> 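The structure follows.
Just so you know, these numbers come straight off a predicted model, no measurement behind them. Below, all heavy atoms of this structure are taken into account, side chains as well, without hydrogens, waters or symmetry copies.
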Amino acid sequence: MLRLPILRGGKPYHSLDAIQLKHVGTGETVALVSQANAGLIARDLILNARHNRQVLAQRSVSDLVAISRRAAELFMTGRLPMGDVVQGPDEFVAIQSATTGVPRSLCHRNMEKIRHVLAEMERILMGLTRGLDLSVLDEGWNGNAARPVSYLSQADMLGAVLPSNSPGVHALWLPAVALKVPLVLRPGRQEPWTPYRIIQAFLAAGCPPEALSFYPSDYAGATEILSRCHRSLFFGDAATVKPWLHDRRIELHGPGKSKVLLAPDQISRWEDHVEIMAASIADNGGRSCVNASGVWVGGKAPGLAEALARKLAAIEPLPLDHPEARLAAFADASVARRISEFIDNHLQVPGAEDLTAPYYKDGRVVEMDGLGFLRPTLIRCTDPEHALASSELLFPFAAYVEVPPAELLERIGPTLVGTVLTGDDRFAGAAMECRHIERLNLGSIPTGKVSWDQPHEGNLFELLYHRRAFQNPASAASDAA
Amino acid sequence: MNASLEKEIAAGRERLDAHIREMVRWHFNPDTGCEFWLNYARKLDFDPREAIRSYDDLKKLGHFQDEWLRGGPVRKWLPKGLEGQPLCVFETGGSTGVPKTRININDFRVDYEAFGDQLSDEGFPKGSDWLMLGPTGPRRLRLAIEHLAQYRGGMCFFVDLDPRWVNNLVKRQAWQEMDAYKDHVINQAMKIMGAHPNIKCLFTTPKLLDALSQRCPVEKLGFTGIFCGGTEMTAQFNRFVREELAPGIDFVPTYGNTLMGLAVAKPYEPADNYAIIYYPPLPRAVFEIVNPDNLDETVPYGATGRVLLTTLTKEFFMPRFAERDEGERAAPCKRFPWDGVSNLGLLSSLKTSVVVGVY
């Protein structure tokens with residue numbers, strides 16, 4: 001059986017505490033994952049953070065970008081250590097799918113996302129820094145430039161408390177290495193695979209091991225990372241991230257409540273947009289914060305909801321190794337049943353109707369090969385305040401809501417990604433001003449299509465670096481003149 | 001198992017059974033027993049003094065219920081044979097509702113003296129002073145650690161941590177407040193250690209030991225021995241302390257609570273792979289590791305089961321109480337020729353409902 005260690009500054013450490021990871025279908029134990037006690041994490045961070053940062057900071061950004069580029073290919077195609085075995089990409093995808101329930105086809109697609117970010121690191125840094133001369137990060141300021149610019153690192157390490165639900169989100173923290181900030185990763189319980197393989201790819205590409213720590217742990221371990229790292233990313237549901245809402249050191253990645261908005265001018269052309277709406281809801285298994293959990297329409301669009309429901313209902317549960325599989329499975333079928341019951345209970349409250357239910361003779365929950373699936377679900381909410389109108393669930397689930405045209409941008413509530421479908425300049429202008437929307441996709445772009453140089457949630461460079469005032473005798477003299 | 005160990009096990013069992021007969025005679029005698037057990041006996045269709053001759057016979061009394069210890073009147077537990085003596089009342093943590101209370105006269109002294117006799121003079125030098133860094137308040141620990149220090153010729157300095165407040169912070173997930181409180185506690189410990197060089201011995205909890213060592217290496221603070229307890233400890237924690245946190249310092253993990261005495265761990269042996277194996281202070285307390293679904297069935301050695309705890313002193317009689325902990329049944333050894341328990345932890349079925357180990 002595969003044994004996955006902790007990595008303390010890149011060095012493997014096998015803990016006496018280990019959890020078993022099981023195959024979601026067969027229940028067979030496929031791995032033993034070492035668990036770090038909170039004190040061990042704290043000790044490492046206290047004793048080694050500054051040293052680890054100094055080791056990484058000695059490398060130039062261009063060197064680290066080159067390492068990232070090499071890591072891209074190694075991650076995608078190489079045979080890399082995974083604990084006490086060596087895995088190629090297919091073995092990696094097989095075990096990732098086995099413990100997360102994500103279809104292999106989607107796992108491959110997520111690998112490509114990560115490869116792309118690593119390979120395009122220079123372009124991504126340009127996007128994050130808005131074209132900063134990256135030698136500023138090597139020298140501390142921009143040398144001979146007439147106008148001095150200086151950036152100060154805010155962190156000796158970037159902590160990341162990671163999720164299990166969508167392997168693609170790991171692309172968000174990848175630039176930290178090239179930005180010279182060591183990583184302290186606490187993987188999701190079911191998905192330690194991607195962070196571990198990325199670390200191995202970095203190591204094989206020549207990254208200093210001090211930059212890469214990996215601490216599978218319980219919640220106490222995660223809390224230790226969030227408390228001690230100078231900057232962190234924290235993925236979790238609303239209740240989990242709530243205690244950290246006001247901690248400016250931590251960038252929270254909670255539920256996205258992403259939406260597709262159909263402006264009044266496009267209602268007559270709704271048929272052109274059904275594809276984008278369905279993709280926004282269901283791509284990547286519908287598990288990501290950038291998946292749409294709502295389609296909001298500024299007016300009445302007869303037939304749209306029914307057409308969208310029909311399209312979503314055509315997505316069938318398939319075995320995880322099927323090349324066309326689009327739905328992820330739940331390791332515990334009872335979780336799928338509980339989510340389905342949550343929906344049914346809320347449907348008892350007037351103002352909501354399940355438009356996909358007529359397509360499912362045997363119900364929303366499907367059990368197949370020991371796995372639990374939830375079929376895509378579209379709920380028409382005639383009451384925009386209905387609880388299901390603002391729910392986000394771990395499968396392709398969305399609310400369909402029609403509101404008066406003038407209220408559309410007011411009523412949507414917090415929206416991580418908003419795809420606004422409009423040809424009306426005035427509406428587009430209003431969307432640009434809408435403070436509910438974090439990332440605005442103006443036009444026919446699915447909510448899940450991410451441009452990594454413009455991250456949808458926060459900006460890693462801005463999290464890790466602070467622009468400070470700087471002057472030296474040369475610049476002071478130039479100012480005096 | 002060799003013949004001499006088998007002989008010692010049998011002798012231990014005979015001593016236990018004789019002790020049980022003596023305790024049952026005391027607690028169910030109208031002249032010496034307490035109100036609670038005398039009332040209890042009236043509802044039985046047998047006289048426990050006649051019917052209970054051995055540990056196995058305790059099954060006839062059923063299982064002690066901790067609910068009986070919640071609320072008053074506390075004096076219903078005072079044996080008539082001990083009336084008139086100075087009384088202490090100790091409370092449990094309160095993590096599962098209204099705290100349980102237990103009266104105490106001298107038991108804690110007897111338990112901690114027995115424990116003190118097992119400490120090494122190298123790690124816990126006689127005449128040196130102690131720091132008790134942990135929950136004091138209404139707990140037994142406050143008086144017990146001080147008595148232990150005095151028994152070994154020293155005195156005890158205290159830094160209190162209120163676990164009920166920590167519990168409150170955990171429930172509110174107020175992590176920043178928790179850090180501030182932890183700092184407040186550790187700051188006090190650092191001041192005391194800076195001012196009193198004769199402190200060589202430390203009692204603390206696993207989390208506070210972590211916190212203290214994060215401020216300053218433990219050996220630099222002058223400690224030569226650490227007695228650690230108050231909450232569960234894993235083999236990984238034991239290894240972490242011995243290898244990294246306090247290498248070279250005498251580290252003594254214990255398991256105990258207000259309802260029993262103090263179970264000491266078998267001295268460290270590499271062959272145990274850092275497993276902490278606790279043995280109760282027979283015959284004053286007994287562990288039995290049982291099937292959680294059938295509390296009358298003892299599990300085989302090495303198997304995991306629920307801890308059934310029996311306390312047998314003149315002050316307190318608690319037959320076959322099902323603890324909220326589970327662990328592996330450990331075989332007797334030369335030093336402790338009776339059953340022990342290793343890999344202790346919260347009962348699996350309670351893991352989502354109880355806040356434990358908050359200190």
> For A/L40, is it the side chain, the backbone, both, or neither that has a heavy atom closer than 4.5 Å to a heavy atom of chain B?
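Both backbone and side chain.
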> Let me know if B/N238 has heavy atoms under 4.5 Å from chain A in its side chain, its backbone, both or neither.
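No part of it gets close to chain A.
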> What part of A/H14 lies closer than 4.5 angstrom to a heavy atom of chain B: side chain, backbone, both or neither?
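When you check distances to chain B, only backbone atoms of A/H14 fall under 4.5 Å.
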> Does atom CZ of A/R249 have more than 12 heavy-atom neighbours, drawn from other residues, nucleotides or ligands, at distances under 6.0 Å?
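For A/R249, atom CZ is crowded (more than 12 foreign heavy atoms under 6.0 Å).
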> Within the structure provided, determine whether A/L16 and B/T234 are in side-chain contact (heavy-atom separation under 4.5 Å).
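A side-chain contact is absent here, since even the closest heavy-atom pair is not under 4.5 Å.
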> Heavy-atom cut-off 4.5 Å, strictly under: side chain, backbone, both or neither for A/A18 against chain B?
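Neither part.
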> Does a side-chain N-to-carboxylate-O contact under 4.0 Å join B/E243 and A/R43?
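Judged by the 4.0 Å cut-off on N to carboxylate O distance, B/E243 and A/R43 do not form a salt bridge.
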> Distance from B/K207 atom NZ to A/N37 atom CG, nearest 0.5 Å?
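Reported value, rounded in 0.5 Å steps: 11.0 Å.
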> Quick check: closest heavy atoms across A/S15 and B/R239, and the distance to 0.1 Å?
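Closest approach of A/S15 to B/R239: CA-NH1, 3.9 Å.
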> Heavy-atom distances under 4.5 Å only: say whether A/T223 touches chain B with side chain, backbone, both or neither.
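Answer is side chain: those atoms of A/T223 sit under 4.5 Å from chain B.
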> Say you draw a straight line from CH2 of A/W244 to CD of B/Q176; how long is it, rounded to the nearest 0.5 Å?
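Those atoms lie 5.5 Å apart.
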> More than 12 non-hydrogen atoms from neighbouring residues, nucleotides or ligands closer than 6.0 Å to CZ on B/R335, yes or no?
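Enclosed: over 12 neighbouring heavy atoms sit under 6.0 Å from CZ of B/R335.
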> Considering non-hydrogen atoms only, spot the tightest contact between B/Q173 and A/P243 and give its length.
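Scanning both residues, the minimum pair turns out to be OE1-CG, 2.7 Å.
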> Please check if the number of heavy atoms outside A/R3 that lie under 6.0 Å from its CZ is greater than 12.
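Counting other residues, nucleotides and ligands, CZ of A/R3 stays at 12 neighbours or fewer.
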> How many angstroms lie between atom OG of A/S227 and atom CE of B/M178, to the nearest 0.5 angstrom?
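The CE atom of B/M178 is 9.5 Å from OG of A/S227, to the nearest 0.5 Å.
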